[in-house]
Engineer: 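Quick one: this structure, given as structure tokens, is what I'll be asking you about.
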Amino acid sequence: MHKIVSGEEWLAARKGFLAKEKEFTRLRDELSRQRRELPWVKVDKTYVFDGPNGEESLSDLFAGRGQLIVHHFMFGPDWEAGCPSCSLEADHAEGAIVHLENHEVTYVRVSRAPLAKIEAYKKRMGWNAKWVSSYGSDFNFDFHVSFTETELASGKIYYNYQTITDEKYQFDELPGLSVFVKDENGDVFHTYSSYARGNEEAIGAFIYLDITPKGRNETEIMDWVRRHDEYEDAAKSQSCCDSERGASAA
């Protein structure tokens with residue numbers, strides 16, 4: 001049984017916790033300010049993506065805007081479907097796109113799966129965001145969200161700015177977000193990337209669940225996540241990485 005108190009006691013506890021929430025909000029604002037002040041690095045390498053309109057460069061993906069967010073969506077070349085947790089994040093992004101575009105931000109998903117698989121999965125999920133294939137490009141490897149057989153065989157991958165030997169991260173694809181900006185000369189700069197739980201604030205379902213008594217109700221991180229058309233299927237209970245283990249190892 002959870003602790004039950006009077007209304008007065010509840011109010012006192014809630015107001016005490018509110019002070020901590022306000023402190024957290026102010027800290028988050030300060031972190032956001034510092035994030036915007038991080039230095040940039042020029043992207044000199046040419047990357048070519050396969051999109052609905054043919055081949056496109058990284059510069060083309062800006063679509064006339066000055067800022068670009070790339071969702072590194074876990075979808076390997078031999079997978080039959082996209083990652084469930086990346087799909088959860090994509091569900092949230094769909095509603096934000098109109099707002100992003102009106103603030104000079106283009107949002108694009110990038111995966112190593114062939115375009116035909118991407119298009120089929122996109123149709124299944126009912127999404128509208130642009131999604132391109134980086135298959136045959138070094139893009140995913142250079143931004144440390146895809147890993148070679150040699151890396152995996154060594155038991156060491158470079159992810160989230162560190163060398164990781166933990167088995168739970170030893171997969172050929174992992175999630176991330178990267179941000180780019182284009183200047184008036186057309187030069188492209190990499191400004192920011194986040195990985196692993198660094199993307200959580202983009203997923204509103206987490207925030208909603210976190211304010212409920214049961215929270216995310218998970219035994220292992222993300223073990224409750226399903227694709228939005230699979231929640232009625234109780235058999236699909238694996239975590240994101242576990243659900244794709246067989247496909248990625250095939």
Side-chain angles (χ1 to χ4, degrees), residues 35-79 82-83 86 89-90 93 97 100-101 103-122 127-152 154 156-164 171-196 198-199 202 248:
R35 183 186 297 116
R36 292 191 294 271
E37 293 182 351
L38 286 171
W40 302 349
V41 60
K42 187 177 179 181
V43 181
D44 290 317
K45 192 169 184 177
T46 299
Y47 297 104
V48 178
F49 305 92
D50 186 15
N53 300 317
E55 291 188 346
E56 295 185 72
S57 67
L58 182 61
S59 181
D60 292 333
L61 296 184
F62 282 78
R65 300 181 183 88
Q67 302 173 99
L68 172 68
I69 295 175
V70 168
H71 178 190
H72 300 289
F73 193 111
M74 293 171 64
F75 196 170
D78 55 351
W79 296 14
C83 164
C86 288
E89 184 173 337
I97 290 172
L100 297 176
E101 291 180 346
H103 284 80
E104 204 190 350
V105 178
T106 297
Y107 168 93
V108 178
R109 297 184 186 115
V110 176
S111 301
R112 291 185 63 239
L115 186 63
K117 283 189 175 182
I118 288 173
E119 290 286 295
Y121 188 64
K122 177 180 175 180
W127 294 331
N128 295 309
K130 186 168 185 175
W131 197 347
V132 298
S133 172
S134 59
Y135 186 73
S137 161
D138 292 332
F139 183 77
N140 280 46
F141 299 103
D142 289 350
F143 286 89
H144 308 292
V145 290
S146 293
F147 308 95
T148 66
E149 292 182 1
T150 301
E151 289 174 307
L152 294 172
S154 74
K156 297 179 181 179
I157 62 169
Y158 186 79
Y159 182 65
N160 205 13
Y161 307 103
Q162 60 186 319
T163 299
I164 295 178
F171 295 94
D172 53 351
E173 306 287 334
L174 287 173
L177 284 173
S178 288
V179 182
F180 304 88
V181 67
K182 185 191 292 189
D183 68 11
E184 61 275 8
N185 297 318
D187 293 324
V188 174
F189 300 86
H190 177 215
T191 71
Y192 182 76
S193 285
S194 66
Y195 305 96
N199 303 348
S248 60

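Sequence positions, counted from 1, serve as the residue numbers for this chain. Source: prediction; values computed, not measured.
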Engineer: Has the side chain of K42 got a donor or acceptor atom that lies under 3.5 Å from a matching backbone atom of D187?
Structural biologist: no
Engineer: Kindly indicate, with the supporting measurements, whether the criterion ring-ring contact (aromatic ring centres under 6.0 Å, His included) is fulfilled by Y161 and H144.
Structural biologist: CA-CA 9 Å; Y161 307 103; H144 308 292; 8.0 Å; no
Engineer: Count the heavy atoms belonging to other residues, nucleotides or ligands that lie under 6.0 Å from CD of Q162, then report whether that count exceeds 12.
Structural biologist: yes
Engineer: Could you give the distance from OG1 (T148) to CG (N140), rounded to the nearest 0.5 Å?
Structural biologist: 12.5 Å
Engineer: I want to check something: taking the side chain as every heavy atom from C-beta on, are V188 and V181 in contact at a cut-off of under 4.5 Å?
Structural biologist: no
Engineer: Does D138 reach the main-chain N or O of F141 with its side chain, forming a donor-acceptor pair under 3.5 Å?
Structural biologist: no
Engineer: Would you call E89 and L177 a side-chain contact if the rule is heavy atoms closer than 4.5 Å?
Structural biologist: yes
Engineer: Start with the C-alpha gap between T150 and L152, add the side-chain angles, then the distance that decides, and say whether side-chain contact (heavy atoms from CB on, under 4.5 Å) holds.
Structural biologist: CA-CA 5 Å; T150 301; L152 294 172; over 6 Å; no
Engineer: Pick one: which of W79, Y107, W131 meets ring pair (Phe, Tyr, Trp, His ring centres under 6.0 Å) with F73?
Structural biologist: W131
Engineer: Between I157 and L174, is there a side-chain heavy-atom distance shorter than 4.5 Å?
Structural biologist: yes
Engineer: Indicate yes or no for a side-chain donor-acceptor contact from S57 to the backbone of D60 under 3.5 Å, with no hydrogens or angles considered.
Structural biologist: yes
Engineer: Ring-plane angle category for H72 and F139, please: parallel below 30°, perpendicular beyond 60°, tilted otherwise.
Structural biologist: tilted
Engineer: Got C86 and H71 here, is their nearest side-chain heavy-atom distance under 4.5 Å?
Structural biologist: yes
Engineer: Is the charged tip of R112 near the ring of F75: under 6.0 Å from the six-membered ring centre and within 45° of its axis?
Structural biologist: no
Engineer: Measure the spacing between CD of E151 and CD1 of I164 and express it to the nearest 0.5 Å.
Structural biologist: 12.0 Å
Engineer: Is any side-chain heavy atom of F49 closer than 4.5 Å to one of V108?
Structural biologist: no
Engineer: Using side-chain heavy atoms (C-beta onward) and a distance below 4.5 Å, is V132 in contact with L61?
Structural biologist: yes
Engineer: Identify, with sequence neighbours excluded, every residue that meets ring-ring contact (aromatic ring centres under 6.0 Å, His included) alongside F189.
Structural biologist: W40
Engineer: Using modelled atom types and a 3.5 Å cut-off, is there a donor and acceptor pairing between side-chain atoms of E119 and backbone atoms of A116?
Structural biologist: no
Engineer: Using a 3.5 Å distance criterion without hydrogens, assess whether the side chain of Y159 forms a donor-acceptor pair with backbone atoms of P175.
Structural biologist: yes
Engineer: Does the ring of W127 carry R109 above it, NZ/CZ under 6.0 angstrom from centre and within 45° of its axis?
Structural biologist: yes
Engineer: Would you say CD of E55 has more than 12 non-hydrogen atoms from neighbouring residues, nucleotides or ligands within 6.0 angstrom?
Structural biologist: no
Engineer: Does a side chain donor of either S133 or D50 reach within less than 3.5 Å of an acceptor in the other side chain?
Structural biologist: no
Engineer: What I'd like to find out is whether the side chain of Q67 reaches to under 4.5 Å of the side chain of F180, using heavy atoms alone.
Structural biologist: no
Engineer: Counting N and O atoms only, with roles assigned by atom type, does the side chain of S154 sit under 3.5 Å from a partner on the main chain of K156, one being a donor and the other an acceptor?
Structural biologist: yes
Engineer: Assess whether atom OH of Y135 is packed by more than 12 heavy atoms of other residues, nucleotides or ligands within 6.0 Å.
Structural biologist: no
Engineer: Could you give the distance from CZ (F143) to OG (S134), rounded to the nearest 0.5 Å?
Structural biologist: 11.0 Å
Engineer: K130: which residues meet the salt bridge (charged side-chain N to carboxylate O under 4.0 Å, His left out) condition with it, sequence neighbours left out?
Structural biologist: E56
Engineer: Between F147 and E173, which heavy-atom pair has the shortest distance, and what is it?
Structural biologist: CD1-N, 4.4 Å
Engineer: Is it the case that the side chain of E104 and the backbone of G66 share a donor-acceptor pair, with hydrogens and angles ignored and the cut-off at 3.5 Å?
Structural biologist: yes
Engineer: With distance as the sole criterion, is a donor-acceptor pair present between the side chains of T106 and R65 under 3.5 Å?
Structural biologist: yes
Engineer: For the CD1 atom of I118 and the OG atom of S111, what is their distance to the nearest 0.5 Å?
Structural biologist: 5.0 Å
Engineer: I need the S59 OG to K182 NZ distance, nearest 0.5 Å.
Structural biologist: 3.0 Å
Engineer: One thing to verify: whether K45 and D142 come together as a salt bridge, which I'm taking to mean a side-chain N less than 4.0 angstrom from a carboxylate O.
Structural biologist: yes
Engineer: Do L58 and V43 come close enough that some side-chain heavy atom pair is under 4.5 Å?
Structural biologist: yes
